[in-house]
Structure formats: structure tokens, C-alpha cells
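Whatever order the structure lists ligands and atoms in, that order sets their numbers, starting from 1. Below, all heavy atoms of this structure are taken into account, side chains as well, without hydrogens, waters or symmetry copies.
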Amino acid sequence: MTTYSVGMVGLGTMGRNLMLNIADHNHCIIGYDKDTAKVDEVNQIPDYPGISATTDIKQFVGSLEKPARIILLVPAGKIVDYVIADLKPLLTKGDIIIDGGNSYFKDTDRRFNELKEQGIHFMGMGVSGGEKGARFGPSIMPSGDSEAYKCIKPVLDDAAAKFNDLPCSRYMGHASAGHYVKMVHNGIEYGMMQLIAESYDILHRGMQYSNSEIADIFENWSNGQLAGFLIESAVQVLRKKDDVTGGDLIDMVKDVARQKGTGKWTSQDALDLQVPVPTIDLAVVARDLSGFVAERQVLHSCENQTTLPKLSQISTDELADAVYTAFILTYNQGLHLIKIASDTYNYEVPLIDVIHNWKAGCIIRTALLVHFEQVNAQNPQSTMLITDEAICSLVKQKLPTLRKVVIAALEHNFGSSAFASALTYFNMFTADKSPMNIIQGLRDLFGAHTFERIDKTGTFHVDWD
Ligand code: 6PG
């Protein structure tokens, strides 16, 4: 019987593409899926002698070299538990299950602990880059027992995207660290996409550029400081024609954004850990709000000013600078959250390797990450990127432009919540004094919650009457 060095559970597009990618690097790989059609599809791929697929889970596990290395690419949630339950009786001590889906990190911790009791390694592994990434090189964010990671590392390094020949698949830390980092990656992705959406809105409704003109503007941006996957992708989205009407497809797409939950999880955990990530929060809020279509229609018809005055006081170069600055502040929020989460959950995440893994293959890759990597290398203990002198002065230098864009957008009744949140986030961090003293005074007045003084240590309570 042929033996295989890797197993793949879930032969949807992502699973099949990652299988082919792994097979391209001379690893024999067998796939398993309950769906006969998906299994047949893999078995019918010509010119790949090193791969095969089956609907028989016993045959699947039985044909794997020991320790078994099994990657799951199935939808996050209960299905992961069902697959684990089916695999568990067939596995032995030392075998490794690697969950490559967008699983919730607390589920990953639970599965990690449950399987540990049986001596089976469970690894949470973020995979970014969509279908193309899976096929030709995703960014991979693995975590779990370092012993298990070492065992699968050669396969991951081969399959991953490369930046200057270095694989973007570095180890992210203990337990669910990989899924945590991927969750925050997606939170940053939400923030960046919202900033792109707000820019499109300003350019389209505000400055009255056509879709193809905006595509040209974005293309110009992507050839400069804003080089990166999402801006490049926005060019493609804006240029796509609709087969049905012959017009621009973007004009036929309903203005309601859906979500699978990773951005919301980022905000939820940031609130639990008390780390401010306002641009990510507002990106989630903007998607939620877009879903209230009936209410939006009612409120739109209440608004007197149906045609907005042309927004002409900012240039497209200024808008590009505002996006650049807000991107920095969004990355900062996400990396700050990872740092605090790493300390809280004892992940020991090497931030420099997170930044490295995001340089290629993933959705949030931009030229900025190379700069962040240098900054982190100089000061690995720093909690926030923007406390670095060079990054802080870069943001400060561009801040008047971000402010100008926010003011112009708000004056013209645009939402622009992501731009505004990035600006206020920096304003609040850089203010010499926050107004929280009055909050403390009020809390002590009505609830005797006590306050601290600036001239003495300890906590105090007074009768405010
Ligand atoms: C990636 C993407 C991927 C997926 C998101 C979309 O890194 O390849 O982030 O994971 O596109 O889950 O999330 P929403 O459906 O919530 O926008």
C-alpha cells in the first residue's frame, strides 16, 4: 500500500489547492472528504502521482506515515469537532492534527487540551491568501507544541509564500496563538478594507470621479507608498465589467457587507483585554450598519440635502497620505492587541515573526510591513509600533493631512468612521492630559468608586457634596 507523508481533510477549493501546492513540493499527500464528488475531482487531476483521495477515513489514516500529520481545511465551528471525533479513535500518541481554518481561538484551546489528554498534538494554524494563496503560497501562522511544529515545519515552509526566499510560515507561539494572530490579521483586514471603502466613497460621491478614474487613482497609489494586495485588488474590482448589463460590476453590487465573524471576535477580545482597536471596531460597525437597509432608506429620505456639494478641498495625493497614515494606525492597533494577548494568554508570540509572516501571501500584505519589521528588530520589547520615534514622527508629519481629510469628509456628511477613529486614536494617545479625571470624580461622587491623586499614592474617596 502507498504511504503518504501528509493528510488533508476537507477537499473544497482551499483544501484541494493546498494539497496541490504541497504536492508541487514533492510531498505525497492523501485527501479525505465525505463528499464523493470532491474525492473524485482530486483523483481525476492529471499528472499528480503523489496525491490521492478517499471517502474512507480508515484507509485515509491507515495510509499515513507515523506520526500522522493531518491538516484540516473545513469550515470553522462544529464541523471541526465532528472531524476530530471521527479521527480520534484512529490516531495514536504523537500524531498531529493541524486546523488550518478560521477557528475561534478559544475553541482551539479547548481542542488542544482535549487531544493532549490522548497524547495527540493539536495545532491551530492561520492560513491567509484565499484560494490563490492556498494554491501558490499562502501566509501561514502555525502554533501549538513546538515538537509538533518541528515535525510539520518542512511541509509548511515549502508550501508558504516567500519573502526574499524566506518562507512566511514562522511559528506563532503556544496553544491557540496561530489562530489568535490570524483573527487579528482579519481584524486589520476589516479596518484596511473600511478605509479603502471610505476613500472610494469620498472619490466617488464626494469628488465625483468615475469608477475607472478611481481605479486609475488606486493604481497610482499602489505603485507608491501604498503598494499592497488590498489596494491592487480594489483596482481589479473597480475595473470589472458586468456580463449582464455591460456596465461596471461594482455599480450592480448591493451596498451591504457580510462577515463571517473574525473581525467581530477581534473587537470582542480587544474589549475583554482592554486594548483600544477603534478602527477595527468601527469597520465591524460599518458592516453591521449597512445591513439596516430599510432604516437607511427612511433616514435618507428625511435628510434635506439629497445632493451633496462637491468635495473639492482635498487632493487625491492628500487622500493617499490619509490612507497611509490610517493604515499605520490600524496595524498598530492589531499588533498592540497581539502583544497584550500574548502576555495575557502566555502565547510568547514573536511579533517580529508575525510581521514577517504578513509580508507575503496574506491579504494585509503591504510595503509598510518591511518598515515595521526593522522597527521591531530594534526594539522587540516595545508594546506599540507608534511609540517608536521614527514611526511616531512619520505619523505626526502626515497627521495634518489625515485631519484635513476627516474634516472635509465630515463637513460633507460622509460616514468616514474609520478615518476619524484612526485620527482620534492618535489624538488621544498623544494628548498631554486625558479628561478621565472627571470620569473618576463622577464615579467617586455617585458610587464611591475611589480615585487616585497626582500628588500622592493610594486610592481616595471624598464626600463631593
Ligand atoms: C484571508 C481572509 C480569509 C477570508 C475572511 C473573510 O486571510 O485569506 O481573511 O480568511 O476572506 O475570513 O472574512 P469575512 O467574511 O468576515 O469578511
Open item on the list: Per the salt bridge (charged side-chain N to carboxylate O under 4.0 Å, His left out) rule, what does the pair list look like for residues 344-363, sequence neighbours excluded?
Closed with: R170-D353, K359-E373
TODO: Count the heavy atoms belonging to other residues, nucleotides or ligands that lie under 6.0 Å from CD of E295, then report whether that count exceeds 12.
DONE: yes
- [ ] Kindly assign one of parallel, tilted or perpendicular to the pair W221 and F218, based on the angle between their ring planes and the thresholds 30° and 60°.
- [x] tilted
- [ ] May I ask you to say whether K241 pairs ionically with D248, meaning some side-chain N is under 4.0 Å from a carboxylate O?
- [x] yes
TODO: Keeping to residues at least two apart or across chains, list the ring-ring contact (aromatic ring centres under 6.0 Å, His included) pairs with something in residues 164-188.
DONE: F105-Y180, Y149-Y171, Y180-Y345, Y180-Y347, H185-W358
- [ ] Sorted by first residue and then second, give each salt bridge (charged side-chain N to carboxylate O under 4.0 Å, His left out) pair with at least one member in residues 148-161; sequence neighbours left out.
- [x] K153-D157
TODO: Would you check ligand 1 and list the protein residues that come within less than 4.0 Å of it by any heavy atom, ordered by chain and number?
DONE: N102, S128, G129, G130, K182, H185, N186, E189, Y190, Q259, K260, G261, R287, I363
